[in-house]
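Residues take their numbers from the sequence shown, with the count starting at 1.
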Amino acid sequence: MSIDNGSIANPHPHRKTSIPNILIVDDEPDIIELLELTLARMGMEVFSAKCISDAKLLLQSRQFQLCLTDMRLPDGEGLDLVNYIGQHCADLPVAVITAYGTAENAVAALKAGAFDYLPKPVSLKQLRDLVKSALSLPPIQTGPASHTPSNQRILLGESQPMRQLRATIDKLSRSQASVYISGESGSGKELAARMIHERSARHKEAFVAVNCGAIPENLMESEFFGYKKGAFTGADKEHDGFFLTANGGTLFLDEVADLPLAMQVKLLRVIQEKQVRRIGDTQEKNIDVRIISATHKKLGDCVETGQFRQDLYYRLNVIELIMPALREMPEDIPLIAEAVLAKICREAARPVCNLKKDALALLMNYGYPGNVRELENILERTLALCSDTQIGKEELQLPNKAKEIPQNTGNLTSIISDPGLPLQDFLDQLERESIIRALDQSRYNRTKAAKTLGITVRSLRYRMERLGLNEKS
């Protein structure tokens, strides 16, 4: 149903209706007619405006579930309307239709907060897919982090950096743009990626996390793109690979800077063409995957040194999310530490432990080169060696200043606090302390820690799970 600007306003502009209201902002009659017919067949109620000023009047009188705006309008740019909607209708997804310098304008629209973009000539399939995705967006979370639904992951803390981070994540979740997450090891990059996915239109589909630095180079193509049965020796069944598994959802590429150049070329092609061909297959399959990437390295520096392709860098880094270091948010450490302690105690079925004031002061003054992951490991180690429910400064075994890692790893007495244990307990404690030491030295990079210990990453994960060590990102 098409209604012009002179229609009677909704007497209840903020009451949701069962039929979605779609706002089209365009000054080309042919485009408006095409969009109106397509959306009407999808069961939508369509309103149209030919300029930004008319669109604002409609936005003030009605509630919409989606806005489609052209990039060039008689009284301004489509980006002006994107900014207006972001300020006054934060829960309204807006998509930009663009034909002028498509790539640059599309990126600018996404950075301004647009949900997605449609290139001209408009593909009706792309239009229908975009509308379905936009209408499946979950409502924006309001209130403090503590009020977040229990089935959603959260970033704890009320410091200014943490509040800003959560606000940015909420904004990014309402977009289809590729996101590059930068930050130190252990700062929660995968957690942020999962939060973006869980709050996005893709939340009902798969989230596939890939550690690019942990895949052998000769297996990368088969792991990413999949293979058909019989494609090579050992291919005894079909394998979809990361892209097809994540189809419709989100693919998180952790430590993306570790991808070899040959794989970067293949990855770029898949992202550009939105198609993937399994090894041994003769046909390509269409994919719809949102890419979120991360690394603790400076990806821009990798581009300058020739270690990372510039064209892939621009594809991945449409919007950058910077994770703050834990040392920048000392006021959040008590809240995070208490939550970690409660989780560990709950999983270990032991009474809840509390941190004394001197322990909290020590934790707040520590530098955390391994960030939240290091804090988790410190508390996990403390609880493994402490039976008391009140944890003081002494139980943390943490220096007042920057943490010093002992160099003499061969001295058993420096590793084992109580050698008078049963043999198996003695060996488990030795293994636990050796793993913690290797994680400390590698800044909690499990791939490097495994190499230091002379074992595989899989073996390290198994040992950490067996010993009750936390290996969360």
Side-chain angles (χ1 to χ4, degrees), residues 1-11 13-14 17 19-135 137 171 174-177 201 318-319:
M1 179 179 180
S2 177
I3 302 178
D4 63 24
N5 299 337
S7 302
I8 299 174
N10 184 350
H14 301 294
T17 60
I19 300 176
N21 291 336
I22 312 295
L23 174 60
I24 300 172
V25 187
D26 203 306
D27 62 338
E28 295 183 43
D30 291 345
I31 294 291
I32 293 177
E33 183 178 5
L34 173 66
L35 296 179
E36 284 180 342
L37 287 172
T38 304
L39 295 172
R41 286 171 183 164
M42 294 178 69
M44 313 295 167
E45 190 163 5
V46 184
F47 300 77
S48 62
K50 294 183 178 180
C51 60
I52 294 176
S53 57
D54 288 347
K56 289 180 179 178
L57 291 175
L58 280 171
L59 288 167
Q60 292 165 10
S61 64
R62 295 181 181 273
Q63 185 180 46
F64 293 94
Q65 282 67 56
L66 175 64
C67 174
L68 297 168
T69 179
D70 193 16
M71 181 62 79
R72 299 288 178 89
L73 295 165
D75 56 348
E77 296 282 336
L79 292 181
D80 298 333
L81 187 58
V82 173
N83 289 324
Y84 176 85
I85 290 175
Q87 293 173 10
H88 299 89
C89 316
D91 60 341
L92 173 63
V94 53
V96 173
I97 303 171
T98 176
Y100 302 91
T102 301
E104 293 78 5
N105 284 335
V107 170
L110 292 171
K111 288 186 175 180
F115 171 74
D116 207 347
Y117 68 94
L118 281 172
K120 290 182 180 178
V122 175
S123 160
L124 296 186
K125 181 183 183 306
Q126 286 184 347
L127 172 63
R128 287 191 287 265
D129 289 344
L130 184 151
V131 172
K132 290 176 183 177
S133 294
L135 296 182
L137 276 169
K171 182 178 179 180
R174 305 187 73 77
S175 166
Q176 299 278 48
V318 174
I319 301 176

Practice task
Could you please spell out the steps behind the side chain to side chain contact (heavy atoms under 4.5 Å, CB included) verdict for C51 and L73?
Solution key: CA-CA 6 Å; C51 60; L73 295 165; 5.6 Å; no
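- Distance alone, capped at 3.5 Å, places no donor-acceptor pair between the N21 side chain and the F47 backbone.
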Return all side-chain donor-acceptor pairs below 3.5 angstrom for residues 79-88, not counting sequence neighbours, or 'none' if the list is empty.
from	atom 1	to	atom 2	distance (Å)
D80	OD2	E77	N	3.0
N83	ND2	L79	O	3.1
Y84	OH	Q60	NE2	3.2
H88	ND1	Y84	O	3.1

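- When all heavy atoms of L39 and I24 are compared, the pair lying nearest together is CD1-CD1, 4.0 Å.
- Heavy-atom minimum distance, Q65 versus L135: CB-CD2, 3.5 Å.
- Between I19 and G43, the shortest heavy-atom distance links the atoms CG2-O, 3.2 Å.
- Shown here for S48 and L58, the closest heavy-atom pair between the two residues is O-CD1, 3.7 Å.
- Not one N or O on the side chain of D116 forms a donor-acceptor pair closer than 3.5 Å with the backbone of Q176.
- E28 and K120 are joined by a salt bridge, as a carboxylate oxygen and a charged side-chain nitrogen come within less than 4.0 angstrom of each other.
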Return all side-chain donor-acceptor pairs below 3.5 angstrom for residues 125-134, not counting sequence neighbours, or 'none' if the list is empty.
from	atom 1	to	atom 2	distance (Å)
K125	NZ	D129	OD2	2.8
S133	OG	D129	O	3.1

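- Across all non-hydrogen atoms, the minimal contact from L124 to T38 is CD2-OG1, 3.4 Å.
- Contact detail for F64 and I22: the closest heavy-atom pair is CD2-C, 3.9 Å.
- The backbone N or O of D91 sits less than 3.5 Å from a side-chain atom of R174, completing a donor-acceptor pair.
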Practice task
List the steps, then state whether side chain to side chain contact (heavy atoms under 4.5 Å, CB included) holds for D70 with D27.
Solution key: CA-CA 8 Å; D70 193 16; D27 62 338; 4.2 Å; yes
